[in-house]
A.B. asks: 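Sharing a structure, written as structure tokens. Questions coming.
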Amino acid sequence: MRPAGLRALAAVCAPAAVLAVGLLAPGTAAADETAPSTAEFSAESTLSGVTPGVLTPDSDGLTLTGTVRNSGDVPLEEVRALVRLSGNRVESRSEIREIGVNEELYWGSRPGEGFDDVADTLDPGQAETFTVTITNEQLGFDASGVYVVGVDILATPAGGDRDRLTTSRTVVPWIRNPDELPTVPVALLWPLAAQPSLLPDGTLSDERLAEDLGADEPLSSLLEAGAEAPVTWAVDPDLLDTVDTMAGGYQVTSPDGAIDGTQANTDAALAWQQQFDDIAQDRDVWMLPYALPDAGALQQHDPSLAAELTQRSLAAADAAADELPATPGAAWLDGGSFTDEVVTTLAEAGARTVVVPSGAVGPADDDGDADGGALGQITAGDHTMRVVAADTGLSSAIADAVRDGVNPDAGAVDLQQRWIAETAMVALDAADDDAEPPLLVAAPPVRWRPADPIPQSLVGVLTSTTWIEPVGLSERIDAGDAPEVSPAPTEGTTFLPEANIAATAALRDDATQYSTLLADPEDVTTALDLATLRSASTGWRDDPDTGVSYARGITDGLTRRLRQVSINVPESVTLSSRTGSFPLTVTNELDAAVNVRLEVQSENPDRLRVSEVETQEMAPGEQKLVEVTAQAAANGRVPIEVQLTTDDGRPIGQPVATVVNATEYGTIGWVIVGGAGALFLGAILRRTLRNRRPRRRRRRRSPEPPAPTAGSVLDELPAEARPTQEAAR
């Protein structure tokens, strides 16, 4: 891996470097000069101009311009820039990538010509420009090839000895007959993507994207530089959705609530959107998987989730492609993610093309060519995908130029010279072999943010280099068959941590639960599905904690909304008959209609059975009594558990326990009343029969009643009150 910062362009602060005394072969270095060993003496230099970019026998010479800055703590005196060069041709393309950081490669010497007295004194932090020129004769190149040139910075620290403080180097081709070189077909992918920021409610989590959309900002520079260039656009539809939201007026979340975005940012988003729509009408546009989920991390930590999100992201890309004249089904992987498992997941989800680094592709069998070119095909089960292997040299030159800390002017020059040199070596090799040069595909970092003039430099070298033929990638893929290849995963990829995948899985579960709760979930489901894809995006790899916060913030919001649908269960309920019902209260405090069910589980189904409760549709803000019917087989208390669920049985909140008291009072009461009545009637009948039998015996003994005796109580009654004989009987 190449070091970050200015070391990708030049050897910076080389306190222990050595100087050559003659032209050295590759892999050797001189050892008769040493740089200052005191850290307080240091300088940094960069090259900001190489003219011409290609040398020929007719060239007047070579001019190198750049800047030197005193990065130490003490003044530097007698600061001078001198040309350094090697007369040995670079032998391989891989060595070109090492020139800026490896002084053992083609270190060369100072020819004594071509220098510039930069400054008598350079104070700490002060910078000055330099220009050095050397003639063709002084260069001494006489064979077509790529050579290493550069500039040494010498100075005298106060109170010290004159020494070399730093060296900046680059490459330049010397071509005897450039017009006779075969043309090298080069396809350049032009990615447009951003770290996710759109939330499912339409607000933004931050304004980083807004900062990139303004005039002269990176995403605007990409549109302008690529607008007229023969490039293949590779677009993340999440970026287009976010820009569309901003273009209509947007809000940004904050601890105090949503804040309106600025009108200037809205105008910038609208202008960017309109410009992209114009470009997409007649250009080669690929629609990438929505939000570019981290396929490698998902496959590693949760294969089932990987399959689900891969299918969703490609389906969302298909939908976005339908709105534009774009090609769907293209995936973009880093070398570590290009595994058999990921390939199978992509193929089964409908991917048709996958872009990977060339180092991650191997031959399909032992007899195959390890360097089979930029295009191949791979088979996974019943599915076949085209593989686009991005050229390491051209792609790394772009990545190094846009790396953080690299001066844009210096990055643009380094990018230009490396592209010229690498394609020149391909053309020279093809000419030596009397063969057609292979297709080269360049793939910048997916979320690159090149500052001016880097994108302009890239387009310039693509379109103006004599031996480069810009080609469209889609037309090359469709042109014919490609050799069978297989994954050869590379080391060094930093996947999303397991915590991010777990947060995504939790968001997926809560989003599904909330969507199934709603009576009309269509728009909400789509928004939550896309947010789930964003939570697993490769855009969080450099900032995984923020990715976890993004997912958990949405999950917490869903949890709060789910709590607004609740059930009220009393401590106990009573059944007054063998089969009865009791009411439970369900409340919907949401601003949307919901469908809910009650699942009631009896601890002892043999003693108490509870009937299934029908789905209840509840309007926003509605409170409803839901009748639950149960059947008791015996008296007693039976614990039950009440769970509020969505229509498809997903639980809402925690289950609530209560007790059903089965008395069967009505039935037993009727039995008791009936039994008592029967006993009462039996007693009356028995008494009646008992009373009748003695009276019949008395009639047989005394057929006529005796006459009243004197002094009877009857004598005291009035005559009309005395009973007659018939009444007395």
Side-chain angles (χ1 to χ4, degrees), residues 195-206 238 241-242 253 255 289-316 337 341-342 345 349 494-518 521-566 590 592 594-596 599 643-655:
Q195 186 182 81
S197 60
L198 185 61
L199 295 166
D201 63 357
T203 61
L204 270 62
S205 60
D206 58 66
D238 174 49
D241 278 357
T242 308
T253 58
Y290 197 101
L292 298 172
D294 193 334
L298 287 165
Q299 193 67 48
Q300 181 180 12
H301 298 298
D302 194 336
S304 63
L305 184 63
E308 180 181 341
L309 296 193
T310 299
Q311 193 279 329
R312 285 188 187 179
S313 64
L314 287 168
S337 298
E341 293 80 10
V342 171
T345 299
T494 303
F495 296 120
L496 283 178
E498 185 175 4
N500 292 74
I501 306 306
T504 296
L507 173 56
R508 184 272 314 269
D509 292 342
D510 284 1
T512 302
Q513 181 186 36
Y514 183 68
S515 294
T516 55
L517 170 66
L518 299 179
E522 184 175 356
D523 292 340
V524 173
T525 300
T526 300
L528 290 174
D529 283 350
L530 297 181
T532 304
L533 296 175
R534 294 186 196 105
S535 71
S537 172
T538 53
W540 306 115
R541 281 183 174 178
D542 293 334
D543 191 11
D545 290 343
T546 302
V548 171
S549 298
Y550 175 89
R552 289 179 178 170
I554 300 172
T555 299
D556 291 345
L558 291 172
T559 299
R560 289 191 295 271
R561 293 188 68 80
L562 287 167
R563 287 174 180 165
Q564 292 181 268
V565 181
S566 60
L590 291 173
V594 299
N595 289 331
V596 295
E599 289 189 358
Q643 175 68 68
L644 190 64
T645 75
T646 61
D647 192 18
D648 64 349
R650 298 174 187 270
I652 302 173
Q654 297 298 317

A.B. asks: Would you check if the side chain of Q643 reaches a backbone N or O of I652 as a donor-acceptor pair within less than 3.5 Å?
C.D. replies: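 Checked: pair present.
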A.B. asks: Does anything in residues 524-544 pair up under ring-ring contact (aromatic ring centres under 6.0 Å, His included), and if so which pairs, sequence neighbours excluded?
C.D. replies: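 Matches after skipping sequence neighbours: W540-Y550.
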A.B. asks: Could you tell me which residues satisfy side-chain contact (heavy atoms from CB on, under 4.5 Å) with E498, sequence neighbours excluded, listed by chain and number?
C.D. replies: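 With neighbours one apart ignored, the set is H301.
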A.B. asks: Among residues at least two apart in sequence or on other chains, which ones pass side-chain contact (heavy atoms from CB on, under 4.5 Å) with T345?
C.D. replies: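 Q299, A307, T310.
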A.B. asks: So, D294 side chain and L496 main chain: donor-acceptor pair closer than 3.5 Å or not?
C.D. replies: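 Here the side-chain-to-backbone pair exists.
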A.B. asks: For D302 and T504, what are the C-alpha separation, side-chain angles and deciding distance, and is it a side-chain contact (heavy atoms from CB on, under 4.5 Å)?
C.D. replies: CA-CA 10 Å; D302 194 336; T504 296; over 6 Å; no
A.B. asks: Kindly give the heavy-atom pair with the smallest separation between P289 and S313, and that separation in Å.
C.D. replies: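 Looks like CB-OG, 3.6 Å.
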A.B. asks: State whether the side chain of N500 and the backbone N or O of P544 hold a donor-acceptor pair below 3.5 Å, judged by distance alone.
C.D. replies: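 Side chain of N500 to backbone of P544: a pair is present.
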A.B. asks: F495 and G296: which non-hydrogen atoms are nearest, and at how many Å?
C.D. replies: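 For F495 versus G296, the nearest heavy atoms are CE2-CA, 3.8 Å.
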A.B. asks: Looking at every heavy atom in both S197 and D206, which two are closest together, and how far apart are they?
C.D. replies: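 Nearest pair, atom of S197 first, then D206: CB-OD1, 4.0 Å.
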A.B. asks: Roughly how far, to the nearest 0.5 Å, is OG1 of T242 from CZ of R534?
C.D. replies: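 OG1 of T242 is found 6.0 Å from CZ of R534.
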A.B. asks: I'd like to check the side-chain contact (heavy atoms from CB on, under 4.5 Å) partners of L558; sequence neighbours left out, ordered by chain and number.
C.D. replies: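 Per chain and number, L558 pairs via side-chain contact (heavy atoms from CB on, under 4.5 Å) with L507, D510, A511, Y514, L528, I554.
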A.B. asks: Within the structure provided, determine whether T646 and V596 are in side-chain contact (heavy-atom separation under 4.5 Å).
C.D. replies: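 Of all side-chain heavy-atom pairs linking V596 with T646, none is under 4.5 Å.
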A.B. asks: Just wondering, do D542 and Q195 contact through their side chains at under 4.5 Å, heavy atoms?
C.D. replies: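 No - every pair of side-chain heavy atoms lies 4.5 Å or more apart.
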A.B. asks: Check the pair T494, R541 against side-chain contact (heavy atoms from CB on, under 4.5 Å), reporting the backbone distance first and the verdict last.
C.D. replies: CA-CA 7 Å; T494 303; R541 281 183 174 178; 5.5 Å; no
A.B. asks: Indicate yes or no for a side-chain donor-acceptor contact from T203 to the backbone of T253 under 3.5 Å, with no hydrogens or angles considered.
C.D. replies: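 Pair absent, no side-chain N/O of T203 close to backbone of T253.
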A.B. asks: Run the side-chain contact (heavy atoms from CB on, under 4.5 Å) test against S566 and tell me which residues pass, sequence neighbours left out.
C.D. replies: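 Applying side-chain contact (heavy atoms from CB on, under 4.5 Å) to S566 gives T587.
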A.B. asks: Can you tell me which residue pairs pass the side chain to side chain donor-acceptor pair (under 3.5 Å) test with a partner in residues 522-531, sequence neighbours excluded?
C.D. replies: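 Every side chain to side chain donor-acceptor pair (under 3.5 Å) pair that includes a residue of residues 522-531, provided the two are not neighbours, is R312-D529, S515-T525.
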A.B. asks: Which heavy atom of A551 sits nearest to which heavy atom of S535, and what is that distance?
C.D. replies: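 That closest heavy-atom pairing would be CB-CB, 3.8 Å.
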A.B. asks: Please report the closest heavy-atom contact between L298 and P293, naming both atoms and the distance.
C.D. replies: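 Where L298 meets P293 most closely, the heavy atoms are CD1-CB, 3.9 Å.
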A.B. asks: I need the R561 CZ to L517 CG distance, nearest 0.5 Å.
C.D. replies: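 It is 9.5 Å, given to the nearest 0.5 Å.
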